[in-house]
Asks: 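Dumping the structure here so I can ask a few things about it.
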Amino acid sequence: MSGNGFMSNFRRLISLEERAARSTPSPFDQLRQRMNDVLGDGGVLKEVVQSGEGPPVPENASVLIHYSGFLEYSDRPFETTTHSKYPRMMKLGRDVTLAGLEIGLLTMRKGEFARFLFQPRYAYGSMGCPPLIPPAAVILYEIQILDFLDSGQVDNFLAMSPEEQSTVPLATLLEVVCTLRSFGNRCFNQSRYDNAKDRYKQATMLLGNRETQSAAEMETMETALLPLYLNLSLTELRLDSPRKALKYGNKALEIDSANTKALFRCGQAYMELHEYESAHGYLITAQAKKPFDSDINNLLRKVEICYKDSLDKQKDVYSKMFRGLRGK
């Protein structure tokens with residue numbers, strides 16, 4: 001009898017422990033309790049950790065994000081971009097291939113940080129992705145939107161013929177140009193200068209192909225071209241192409257002859273070409289407009305030192321030549 005009583009108590013204890021284990025929610029179950037159902041079918045759940053601002057990410061946009069993917073009961077992500085100083089820009093529908101991830105991104109705003117739980121049908125499916133992702137796995141993603149660009153509008157515009165592009169309202173063209181310039185700026189800040197140059201040149205080409213209808217429209221387009229030429233000039237300097245930098249600096253001066261950035265860029269280009277007298281002329285003109293600009297003043301001092309050293313070397317060469325002639 002005592003043996004049967006012990007076994008009965010043991011079974012009761014095991015049963016209580018099993019029920020307690022079943023009643024304790026898993027980490028993902030605890031997350032679900034404070035998440036919102038994005039689609040209404042429980043497949044994509046979202047928790048906003050830090051709110052963003054502005055409009056949500058549009059379809060076909062290009063997004064700059066940090067993200068990490070986790071399996072349940074795992075503290076280490078199976079993939080992450082947080083170690084990267086400059087995460088690459090990804091285009092929805094092309095570079096973002098996980099259905100749940102794209103759906104989630106379309107609900108987010110710039111600066112937002114959110115967590116998402118994806119059911120297998122919105123993640124890696126019933127097969128998983130061995131060896132990292134087991135079959136039918138629910139996935140947690142933590143995502144931060146750093147920036148996004150409406151590249152869908154750019155794609156649609158570039159798909160048009162030049163004739164069709166000329167019929168589009170000027171405001172639309174300027175939005176496309178602004179997006180391309182923003183792409184270029186992003187590449188430049190990541191030291192991807194060739195990519196930046198391509199974006200800037202593409203924007204100038206679109207403006208150049210436009211058939212202007214009035215003086216006011218021409219002025220508007222020149223206003224859009226000016227920062228592109230300045231950006232191209234600086235980019236060519238980073239690419240060690242001072243003659244091309246000079247070309248774009250002078251194009252900027254054709255639009256605004258008093259532009260100090262353009263004068264400074266030309267001064268930089270001539271400095272790199274060791275044409276110190278020309279560099280000095282551009283920088284003196286820039287200094288007259290901004291006498292307390294430290295960049296202008298520092299480069300001007302450097303040019304003057306190099307110019308003096310160059311003249312001294314020339315004098316030394318000529319002096320040796322003349323001494324040689326007198327000796328003969």
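All figures in this text were calculated on a predicted structure; none of them were measured in a lab.
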Asks: Can you confirm whether or not the ring centre of F188 sits under 6.0 Å from the ring centre of Y193?
Replies: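 Yes, ring centres under 6.0 Å apart.
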Asks: Got a sec, which residues hit salt bridge (charged side-chain N to carboxylate O under 4.0 Å, His left out) with R301, two or more places apart in sequence or on another chain?
Replies: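 Here no residue qualifies.
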Asks: Classify the side-chain pair Q153/T179 by whether it contains a donor and acceptor separated by less than 3.5 Å.
Replies: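 T179 and Q153 do not have a side-chain donor-acceptor pair below 3.5 Å.
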Asks: Taking K201 first and then D198, would you say they form a salt bridge - that is, a charged N and a carboxylate O separated by under 4.0 Å?
Replies: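 Salt bridge between K201 and D198, a charged N being under 4.0 Å from a carboxylate O: no.
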Asks: Does any N or O in the side chain of K91 come within less than 3.5 Å of the main-chain N or O of N60, such that one atom is a donor and the other an acceptor?
Replies: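 Such a contact is found between K91 side chain and N60 backbone.
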Asks: For the residue pair Y200 and N185, confirm or rule out a side-chain donor-acceptor distance under 3.5 Å.
Replies: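 Yes, because at least one side-chain N or O of Y200 sits under 3.5 Å from a partner of the opposite role on N185.
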Asks: Charged N to carboxylate O under 4.0 angstrom, E217 versus R210?
Replies: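 Counted as a salt bridge, because a side-chain N and a carboxylate O are separated by less than 4.0 Å.
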Asks: What's the spacing between S233 OG and R238 CZ if we round to 0.5 Å?
Replies: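 S233 atom OG to R238 atom CZ measures 10.5 Å (nearest 0.5 Å).
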Asks: Let me confirm one number: the CG-CG distance from D293 to N297, rounded to the nearest 0.5 Å.
Replies: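 Those atoms lie 6.5 Å apart.
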Asks: Quick check on the hydrophobic clustering: are F116 and L71 connected, directly or via other members, by side-chain heavy-atom contacts under 4.5 Å?
Replies: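 In one cluster: yes.
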Asks: Return yes if a side-chain donor-acceptor contact under 3.5 Å exists between N250 and Y282, otherwise no.
Replies: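 Yes.
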Asks: Parallel, tilted or perpendicular for Y307 and Y276, by the 30°/60° rule?
Replies: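 Correct class here is tilted.
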Asks: State whether a side-chain donor-acceptor pair under 3.5 Å links R192 with Q190.
Replies: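 Short answer, yes.
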Asks: Can you confirm whether the side chains of Y141 and E79 place a donor and an acceptor under 3.5 Å from each other?
Replies: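 The criterion, which ignores hydrogens and geometry beyond distance, is satisfied for E79 and Y141.
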Asks: Between atom CG of L64 and atom CE of M90, what is the distance when rounded to the nearest 0.5 Å?
Replies: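 Result: 8.5 Å between the selected atoms.
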Asks: Under the side-chain hydrogen bond (donor to acceptor under 3.5 Å, both in side chains) rule, collect the residues that match up with E304, sequence neighbours excluded.
Replies: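 Result, side-chain hydrogen bond (donor to acceptor under 3.5 Å, both in side chains) vs E304: H280.
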Asks: Could I get the full list of side-chain hydrogen bond (donor to acceptor under 3.5 Å, both in side chains) partners for Y122, not counting sequence neighbours?
Replies: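 With sequence neighbours excluded, Y122 shows a side-chain hydrogen bond (donor to acceptor under 3.5 Å, both in side chains) to D41, given in chain and number order.
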Asks: I'd like to know if E53 pairs up with R109 as an ion pair, taking the criterion as any Lys NZ or Arg NE/NH1/NH2 lying under 4.0 Å from an Asp or Glu carboxylate oxygen.
Replies: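 So E53 does not pair with R109 through a salt bridge.
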